[in-house]
Trainee: 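Sharing a structure with you now.
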Amino acid sequence: MEIDLSDRVAVVAGGGRGIGRSSSLILAQAGASVVVVDIEAERANAVATEIGDSGGRAIPVIADVRESRQVESIVQAALGEYGQIDILVNIIGLASWAPALDMSEELWDADLVLNLKYVWLCSRAVARVMVEQGRKGSIINICSISGMTAAPSHAAYGSAKAGLVGLTRSLAVEWARDYIRVNAIAPGSMKTPRIMDMIKAAPEIEEAQANRVPLGRWGTTEDVAGAVLFLASDLSDYVTGQTIVVDGGFLISQLAMLGG
Ligand SMILES: NC(=O)c1ccc[n+]([C@@H]2O[C@H](COP(=O)([O-])OP(=O)(O)OC[C@H]3O[C@@H](n4cnc5c(N)ncnc54)[C@H](O)[C@@H]3O)[C@@H](O)[C@H]2O)c1
C-alpha cells in the first residue's frame, strides 16, 4: 500500500536541519504540503527550496517556537497558504549537560522550554485548528531515550524529555474524541549534523557507540523520518499516546551496560 498524504498539510517545527529536514522531505515525498519552520531563515528556505525543486509543495516560515505569538504566526502562515493543518511534527530540542549540583536556573528553564513547553504551545495552537476543521489530525513529538533512562549531568534534558512522554499521553487522551492522535518518537544515537560535529571533535566515539548498539550502527535522520511518516499516515490510525523507540535495540539490550 502506497502512503498518500496529498490531501494533508504538515507543519514541521525545526524542519530546517537534521531529523527535521529528513522528516520534511519524506512527508513531501508522500505528497503532503509542508510548512518548514525554523528560527534560522537559511535552513528553512533551503529545505523548502529542495522540496520545491523536486516537485513537492513547501513554504518556509521563520519563527521562534518559544514565543506563543510567533507560534500563532506559524499557524496563520500555514492556513494562509494551504487553508488547513493535518500534521504537526515537533522536532526541536536542546540537549544540555550540567551537574545537577551546579546547574544554573537559566539552563534548567531553557531545557524545559525548548524540550517541553514549546511542544505544548505548538500543539495547542495547531489542535485548535484541527478541532475547528473537524478532520483527523496527527501530532508527533520527538523525545529521546534520555527521557526513559538516566545519565549523570543530564537532569534537565532527561526530565524535560520524560515530561514530553507524559505530555504526549495527556494530550492523546484529552484530544482523542476529536480524533487528534498524539504520539512520540524516542531516538537513540543518531548521526545528525550536531552529533557529526561531536564525532569530528572526538572520532573514537564513532566506532565505540556503534558497537554498543545491537544493530551495530548509528541511526540516521532517515531512520527517524520513517517513523514520522508511519505516525503521520493512516497506517497508524489506531495508535495514540505511544512512544516509538528508534535506537537499533540499544535501550533493551545489555550491550550499553557492558560497553559493547
Ligand atoms: N541527535 C541525536 O542523537 C538525538 C537523540 C535523541 C533525541 N534527539 C532529538 O531529536 C531532535 C532533533 O535533533 P537535531 O539534532 O536534528 O536538531 P537540531 O539541533 O539540528 O535542531 C533542529 C532545527 O531546529 C531549529 N531550532 C532551534 N531552536 C529553535 C527555535 N527556538 N525555534 C524554531 N526553530 C528552532 C534549528 O535551527 C535546527 O535547524 C531534538 O528534539 C533532539 O533532542 C536527537
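Numbering starts at 1 and runs along the sequence shown. In listed order, ligands and their atoms are each counted from 1.
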Trainee: Are the charged groups of R17 and D38 less than 4.0 angstrom apart, N to O?
Mentor: no
Trainee: Just jot down the ligand 1 atoms closer than 4.0 angstrom to any heavy atom of C143, in number order.
Mentor: 7 (C), 9 (C)
Trainee: Which of the numbered atoms in ligand 1 are under 4.0 angstrom from any heavy atom belonging to E40?
Mentor: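 What qualifies from ligand 1 is 37 (O).
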Trainee: Can you tell me if E42 has over 12 outside heavy atoms packed within less than 6.0 Å of its CD?
Mentor: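 Open: at most 12 neighbouring heavy atoms sit under 6.0 Å from CD of E42.
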Trainee: Would you check, one step at a time, whether the test side-chain contact (heavy atoms from CB on, under 4.5 Å) holds for V213 with D247?
Mentor: CA-CA 8 Å; V213 176; D247 72 344; over 6 Å; no
Trainee: Tell me which one of R66, E67, E72 satisfies side chain to side chain donor-acceptor pair (under 3.5 Å) with Q70.
Mentor: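 Per the side chain to side chain donor-acceptor pair (under 3.5 Å) rule, the option paired with Q70 is E67, out of R66, E67, E72.
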Trainee: So which protein heavy atom does atom 32 (N) of ligand 1 come closest to, and at what separation?
Mentor: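 The closest one turns out to be V65 N, 3.2 Å.
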Trainee: Considering heavy atoms of the protein only, find what lies nearest to atom 18 (P) of ligand 1 and give residue, atom and distance to 0.1 Å.
Mentor: R17 NH2, 3.8 Å
Trainee: Considering non-hydrogen atoms of the protein only, which is the closest contact for atom 22 (C) of ligand 1, and what is the distance?
Mentor: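 I find the closest protein heavy atom is G14 O, 3.7 Å.
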Trainee: Identify whether the distance between the nearest side-chain nitrogen and carboxylate oxygen of R217 and D223 falls below 4.0 Å.
Mentor: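 Between D223 and R217 there is a salt bridge, with a charged N closer than 4.0 Å to a carboxylate O.
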Trainee: Would you check whether Y157 reaches within less than 4.0 Å of ligand 1, judged by its heavy atoms?
Mentor: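 It does, in that a heavy atom of Y157 comes within the 4.0 Å cut-off of ligand 1.
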Trainee: With heavy-atom distances below 4.0 Å as the criterion, list the atoms of ligand 1 near L114.
Mentor: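 Selected atoms, number and element: 31 (N).
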Trainee: Give the single entry among G188, S144, G93 that approaches atom 4 (C) of ligand 1 most closely by any heavy atom.
Mentor: G188
Trainee: Does atom CZ of R169 have more than 12 heavy-atom neighbours from other groups under 6.0 Å away?
Mentor: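 12 or below, so no.
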Trainee: Of all the non-hydrogen atoms in the protein, which one sits nearest to atom 3 (O) of ligand 1, and at what distance?
Mentor: M190 N, 2.9 Å
Trainee: For ligand 1, is there an atom lying under 4.0 Å from some heavy atom of K161?
Mentor: yes
Trainee: Closer than 4.0 Å to some heavy atom of I142 - which atoms of ligand 1 meet that?
Mentor: 9 (C), 10 (O), 11 (C), 41 (O)
Trainee: Around E207, counting heavy atoms of other residues, nucleotides and ligands shown, do more than 12 lie under 6.0 Å from its CD?
Mentor: no
Trainee: Would you please test L94 and Y157 for side-chain contact (heavy atoms from CB on, under 4.5 Å) and show each step?
Mentor: CA-CA 7 Å; L94 171 75; Y157 182 71; 5.8 Å; no
Trainee: How far does CD of Q84 sit from CG of D7, to the nearest 0.5 angstrom?
Mentor: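 The CG atom of D7 is 7.0 Å from CD of Q84, to the nearest 0.5 Å.
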Trainee: Quick one: do K136 and D237 make a salt bridge, cutoff under 4.0 Å?
Mentor: yes
Trainee: Looking at ligand 1, would S146 count as a contact under a 4.0 Å heavy-atom criterion?
Mentor: no
Trainee: Hey, is CD on E132 packed in by over 12 heavy atoms from elsewhere, all under 6.0 Å?
Mentor: no
Trainee: Give me the residue, atom name and distance of the protein heavy atom closest to atom 1 (N) of ligand 1.
Mentor: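 Result for atom 1 (N) of ligand 1: T192 OG1, 3.1 Å.
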Trainee: Could you check whether any heavy atom of A186 sits closer than 4.0 Å to an atom of ligand 1, since that is the contact criterion I want to use?
Mentor: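 Contact check A186 vs ligand 1: negative.
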Trainee: Look only at interatomic distance and state if R194 has a nitrogen or oxygen under 3.5 Å from any nitrogen or oxygen of ligand 1.
Mentor: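 Yes, there is a polar N/O contact under 3.5 Å.
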Trainee: Distance under 4.0 Å to a non-hydrogen atom of I91: what atoms of ligand 1 satisfy this?
Mentor: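 Ligand 1 atoms under the 4.0 Å threshold to I91: 11 (C), 12 (C), 40 (C), 41 (O).
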Trainee: Are any of the side-chain heavy atoms of V65 and L121 separated by less than 4.5 Å?
Mentor: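 Not touching, per the 4.5 Å side-chain cut-off.
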Trainee: Please check if any side-chain donor atom of Q209 sits under 3.5 Å from a side-chain acceptor atom of N211, or the reverse.
Mentor: no
Trainee: Might you check, step by step, whether the distance between atom 10 (O) of ligand 1 and some protein heavy atom is under 4.0 Å?
Mentor: yes
Trainee: For atom 27 (C) of ligand 1, what's the nearest protein heavy atom and its distance?
Mentor: I92 CG2, 3.8 Å
Trainee: By number and element, which atoms of ligand 1 are closer than 4.0 Å to a non-hydrogen atom of D64?
Mentor: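 Under 4.0 Å from D64, ligand 1 has these atoms: 30 (C), 31 (N), 32 (N).
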Trainee: Would you say S33 and R57 are linked by a side-chain donor-acceptor pair, where the criterion is simply a distance under 3.5 Å?
Mentor: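 Yes.
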Trainee: Check ligand 1 against I19 and write out every atom of the ligand that is under 4.0 Å from a heavy-atom position of the residue.
Mentor: 10 (O), 12 (C), 16 (O)
Trainee: Would you say ligand 1 has an N or O under 3.5 Å from any N or O of G18?
Mentor: no
Trainee: How close do A78 and V35 get, heavy atom to heavy atom, and via which atoms?
Mentor: CB-CG2, 3.8 Å
Trainee: Counting non-hydrogen protein atoms only, what is the nearest one to atom 37 (O) of ligand 1? Give residue, atom name and distance.
Mentor: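 Checking every protein heavy atom, the shortest distance to atom 37 (O) of ligand 1 gives D38 OD1, 2.6 Å.
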Trainee: Identify the protein heavy atom lying closest to atom 33 (C) of ligand 1, giving its residue, its atom name and the separation to 0.1 Å.
Mentor: A63 O, 3.1 Å
Trainee: Closest by any non-hydrogen atom to atom 34 (N) of ligand 1: pick that one out of L94, I39, V37.
Mentor: I39
Trainee: Between ligand 1 and R43, is the shortest N or O to N or O distance under 3.5 Å?
Mentor: yes
